[in-house]
Participant: 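Next up is a structure, given as structure tokens.
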There are 2 protein chains.
Amino acid sequence: MSLATDREKLPAVGKPTLYKQIRLDIERRILTGEWPPGHRIPFEHELMARYGCSRMTVSKALSELAQADLIERRRKAGTFVRRPTFLSAVLKIADIRAEITALGRSYGYELIQCSRRAATAADRARLGARQTGKVIAIACRHSADDVPFAIEDRLIDLDAVPEAAAADFATEPPGSWLLHHVPWTEAEHSICAIVADQQAAAALDIAIGAPCLVIDRHTWRSARPLTAVRLLYPGETHKLIARFKGG
Amino acid sequence: MSLATDREKLPAVGKPTLYKQIRLDIERRILTGEWPPGHRIPFEHELMARYGCSRMTVSKALSELAQADLIERRRKAGTFVRRPTFLSAVLKIADIRAEITALGRSYGYELIQCSRRAATAADRARLGARQTGKVIAIACRHSADDVPFAIEDRLIDLDAVPEAAAADFATEPPGSWLLHHVPWTEAEHSICAIVADQQAAAALDIAIGAPCLVIDRHTWRSARPLTAVRLLYPGETHKLIARFKGG
DNA sequence: CATGATTTTATGTATAGACATATAGATACG
DNA sequence: CGTATCTATATGTCTATACATAAAATCATG
């Protein structure tokens, strides 16, 4: 069968491949509102004709858009622009050491306290672990250019992460060590604001009553709790940036 | 050509399609750490043999994993498990009205102030717009079960969003109106903590000096600023939840 | 040894065709 | 009229094949 010669001309910037052109073209129509949420986008056979290509090619473009959650495909019914119910933003929380060095500032790390102990009831509650034997409790401070950047209060489940027993948290920050040595499957962050108490104020070198941004992060591997950490940042100087990512 | 009969048996839960089994199988090996970051996963022709299928099928599985940023594919070199430098979490920030009603609580909305004016230099700076004629400035309060939930301070670029002139922000919260009427392409959130000043304390019914969580959101369409909004939440009662999403 | 040309190879894109599957809409039936 | 059944159809998966492309590896050359 002869290919269509009336392939619609798209702005070929740098000659992207055809399926990417199709993907970008549809994406553009969605993002500009030309095809609003709920709109049924043309059937695959119509897109085949429009772009003069095979069904696999348009299907590949649509599959990627579906994976990016921009469209929804329903058998027999067609393909529809998704109605965004949430403003979905990607929050990239870097390992603190990496974050500071990426900013071109000198990273400082100070272990305040590190103890290994049998898990208390409070430890188990914090980790969300039913039966945990030993834990490591760590308190430490991160600084950038010798200015306090964040304080960290962490609990590691030694039964779930036995390798942590051999790690030297006096020299390596636990977050960096964990990120590079321990695979995980789920993480949850809870973000809130508090005011600094006496202890936090002293550690962060801010005034008592100054605002602090708090990130509580829980990490699991296959539903098993690995570690729970609370990070405390000076609230007015530190900002978390979350960017929308479409696709 | 005869298909391989030695197709590796995978735990067929509900009989997913083959490429999805392959995708999940590889995903599992990555997430359990069996294939650590940097590991070269088998070549496509090896996977073809292992799963007894065509190259297109393994390629589809790998493409999805690549789109989800779990692997990196390099021509000639092969396919590698990505080294996660960031803890990437998806922050779903709902429209406040939707968020409150989803919690089963009664939503209350109160317009505090709404004015249309020629943009001042400060307005332009806040929006990041070079030349903007008119803007709408809105202050309002959201409440849940008659308890103050958040206060909102928003600026809308009327040149970029002329439809906003016809909206009735006395009855409909601007966030909901915008989400349903105005397409956008980029959004950036900046999250920090402050302490309540006299005005914020009065509006949120909290003490002066109490911690507040602040979300500053800027929204653009094709690099053109549409709106800038600052949301102020009582810091200790409101929590933002960000979940890691893998794929 | 360094450097540039050549070969090899793994991924990237694309095709035509086949069959599977879910389901919206039409049709038959009680 | 409501309900069960059938049918048409759009998407979902998969194959076998072809050629493109980028880059690692090798080889030839000064």
Side-chain angles (χ1 to χ4, degrees), chain A residues 1-8 10 12-26 35 38-82, chain B residues 1-8 10 12-26 35 38-82:
Chain A
M1 174 193 160
S2 75
L3 274 189
T5 52
D6 55 349
R7 176 171 291 182
E8 191 173 87
L10 291 171
V13 277
K15 207 173 189 48
T17 57
L18 178 52
Y19 95 87
K20 269 190 184 141
Q21 288 181 52
I22 298 173
R23 183 190 191 285
L24 287 171
D25 190 40
I26 294 173
W35 288 348
H39 175 87
R40 207 210 76 229
I41 80 176
F43 294 130
E44 293 187 354
H45 68 264
E46 296 174 296
L47 293 173
M48 286 171 66
R50 163 155 15 190
Y51 296 104
C53 64
S54 75
R55 201 182 131 224
M56 279 298 292
T57 302
V58 312
S59 180
K60 179 161 185 173
L62 293 178
S63 294
E64 289 198 1
L65 290 170
Q67 199 186 340
D69 229 38
L70 257 80
I71 61 172
E72 187 185 346
R73 310 180 78 187
R74 290 206 300 274
R75 275 173 158 136
K76 167 77 186 181
T79 302
F80 301 84
V81 178
R82 269 187 66 87
Chain B
M1 175 190 163
S2 75
L3 272 190
T5 53
D6 55 349
R7 176 172 292 182
E8 191 172 88
L10 291 172
V13 278
K15 208 175 190 43
T17 57
L18 178 52
Y19 94 87
K20 269 188 185 143
Q21 289 182 50
I22 299 174
R23 183 190 190 286
L24 287 171
D25 190 40
I26 295 173
W35 288 348
H39 176 87
R40 207 209 75 230
I41 79 175
F43 293 129
E44 293 188 353
H45 68 264
E46 296 175 296
L47 293 173
M48 286 171 64
R50 166 162 3 196
Y51 296 104
C53 64
S54 75
R55 202 181 130 224
M56 280 300 292
T57 301
V58 311
S59 180
K60 180 162 184 172
L62 294 178
S63 294
E64 288 197 2
L65 290 171
Q67 200 188 338
D69 229 36
L70 258 80
I71 61 173
E72 186 186 347
R73 310 181 79 190
R74 289 205 302 273
R75 275 176 157 131
K76 168 75 186 185
T79 301
F80 301 83
V81 178
R82 269 186 66 88

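No hydrogens, no waters, no symmetry mates; every other heavy atom, side chains included, goes into these values. Chain letters run A, B, ... following the sequence lines, proteins first, then strands; residues in each count from 1.
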Participant: Between A/Val58 and B/Arg73, which is nearer to the 5' end of DNA chain C once each is assigned its nearest nucleotide?
Facilitator: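 In this pair, the answer is B/Arg73.
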Participant: If you check every side-chain atom of A/Tyr19, which of D/dT13, C/dA10, C/dT13 has the closest atom?
Facilitator: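 Taking heavy atoms from C-beta onward, the closest nucleotide is C/dT13.
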Participant: Tell me whether the OP1 or OP2 atom of D/dT15 has a side-chain N or O from B/Thr57 closer than 4.0 Å.
Facilitator: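 So the side-chain polar atoms of B/Thr57 do come within 4.0 Å of the phosphate oxygens OP1 or OP2 of D/dT15, strictly under.
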Participant: Is the closest side-chain donor-acceptor distance between B/Tyr19 and B/Glu64 under 3.5 Å?
Facilitator: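 Looking only at side-chain atoms, B/Glu64 and B/Tyr19 do form a donor-acceptor pair, the distance falling under 3.5 Å.
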Participant: Please determine which of B/Arg55, B/Lys60, B/Arg75 meets the salt bridge (Lys or Arg N to Asp or Glu O under 4.0 Å) test together with B/Glu44.
Facilitator: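 So, applying the salt bridge (Lys or Arg N to Asp or Glu O under 4.0 Å) to B/Glu44 and each of B/Arg55, B/Lys60, B/Arg75, only B/Arg55 qualifies.
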Participant: Answer yes or no for A/Arg74 and A/Phe80: cation-pi contact, defined as NZ/CZ to six-membered ring centre under 6.0 Å and angle to ring axis within 45°.
Facilitator: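 Flagged: A/Arg74 positioned over aromatic ring of A/Phe80.
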Participant: I need the CE-P distance between A/Met48 and D/dG12, as an integer number of Å.
Facilitator: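 After rounding, the gap between these two atoms is 15 Å.
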Participant: In this structure, how many angstroms lie between the P atom of C/dT13 and the CD atom of B/Gln67, rounded?
Facilitator: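 Going from B/Gln67 (CD) to C/dT13 (P), I get 12 Å.
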Participant: Please check: side-chain N/O of A/Ser63 versus main-chain N/O of A/Ser59, any donor-acceptor pairing under 3.5 Å?
Facilitator: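 Here the side-chain-to-backbone pair exists.
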Participant: Quick check: any donor-acceptor pair below 3.5 Å linking the side-chain of B/Arg55 to the base of C/dG12?
Facilitator: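 When only heavy-atom distances are counted, B/Arg55 does reach the base of C/dG12 through a donor-acceptor pair under 3.5 Å.
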Participant: For the pair made of NE2 in A/His45 and P in C/dG17, what is the distance, rounded to whole Å?
Facilitator: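 Computing the A/His45:NE2 to C/dG17:P distance gives 17 Å.
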Participant: Return the CD1 to CH2 distance between A/Ile26 and A/Trp35, rounded to the nearest 0.5 Å.
Facilitator: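 It is 5.5 Å, given to the nearest 0.5 Å.
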Participant: Holding to side chain to side chain contact (heavy atoms under 4.5 Å, CB included), I want the full list of residues that pass it with B/Leu24, two or more places apart in sequence or in another chain.
Facilitator: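 B/Leu24 satisfies side chain to side chain contact (heavy atoms under 4.5 Å, CB included) with B/Glu27 once adjacent residues are dropped.
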Participant: Before giving the answer on side-chain contact (heavy atoms from CB on, under 4.5 Å), spell out for B/Leu62 and B/Arg73 the whole-Å C-alpha distance, their side-chain angles and the decisive distance to 0.1 Å.
Facilitator: CA-CA 8 Å; B/Leu62 294 178; B/Arg73 310 181 79 190; 3.6 Å; yes
Participant: Just how far, in rounded Å, is P of C/dT11 from NZ of B/Lys60?
Facilitator: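 Result: 19 Å.
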Participant: Going by side-chain contact (heavy atoms from CB on, under 4.5 Å), A/Ile22 matches just one of A/Leu65, A/Thr17, A/Thr57. Which one?
Facilitator: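 The single option meeting the side-chain contact (heavy atoms from CB on, under 4.5 Å) with A/Ile22 is A/Thr57.
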Participant: Just to confirm, is there a sub-4.0 Å distance from OP1 or OP2 of C/dG12 to any side-chain nitrogen or oxygen of A/Thr17?
Facilitator: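 No, outside the criterion.
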Participant: Just call it for B/Thr79: base, sugar-phosphate, or nothing, with non-hydrogen atoms closer than 4.0 Å on any strand.
Facilitator: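 Here B/Thr79 touches the backbone only, sparing every base.
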Participant: Atom CG of A/Leu65 and atom C1' of D/dG12: how far apart are they, to the nearest Å?
Facilitator: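 Those two atoms, CG and C1', are 16 Å apart.
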Participant: Go through the steps for B/Glu46 and B/Arg40 under the test salt bridge (Lys or Arg N to Asp or Glu O under 4.0 Å), then give the verdict.
Facilitator: CA-CA 12 Å; B/Glu46 296 175 296; B/Arg40 207 209 75 230; 3.5 Å; yes
Participant: Could you work out which one of C/dA10, D/dG12, D/dA10 sits closest to the side chain of A/Phe43?
Facilitator: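 For A/Phe43, the side-chain atoms sit closest to D/dA10.
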Participant: Could I get a table of every N or O pair under 3.5 Å where one atom is in the protein and the other is in nucleotides 20-23 of chain C?
Facilitator:
unit_1, atom_1, unit_2, atom_2, d
C/dT21, O2, A/Arg75, NE, 3.1

Participant: Return the value, rounded to whole Å, for the distance between atom CG of A/Leu18 and atom P of D/dC19.
Facilitator: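 Spelled out: CG on A/Leu18 to P on D/dC19 is 19 Å.
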Participant: Please report the distance, rounded to the nearest Å, between CZ in B/Arg23 and P in D/dT13.
Facilitator: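 Checked: the CZ to P distance equals 11 Å.
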Participant: For the helix from C/dC1-D/dG30 to C/dG30-D/dC1, figure out the bend between the end axes, five pairs an end, and round to 10 degrees.
Facilitator: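 Computed angle between terminal axes is 10°.
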Participant: What is the distance, rounded to the nearest whole Å, between atom CG of A/Leu47 and atom P of C/dT15?
Facilitator: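 Rounding to the nearest Å, CG of A/Leu47 and P of C/dT15 are 13 Å apart.
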Participant: Assuming nearest nucleotide by heavy-atom distance, tell me which of A/Met56 and A/Gly78 is located more 5' along DNA chain D.
Facilitator: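 Going by which nucleotide is closer to the 5' end, it is A/Gly78.
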Participant: Would you say the side chain of A/Asp69 lies within less than 4.5 Å of the side chain of A/Arg82, judging by non-hydrogen atoms?
Facilitator: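 They are in side-chain contact.
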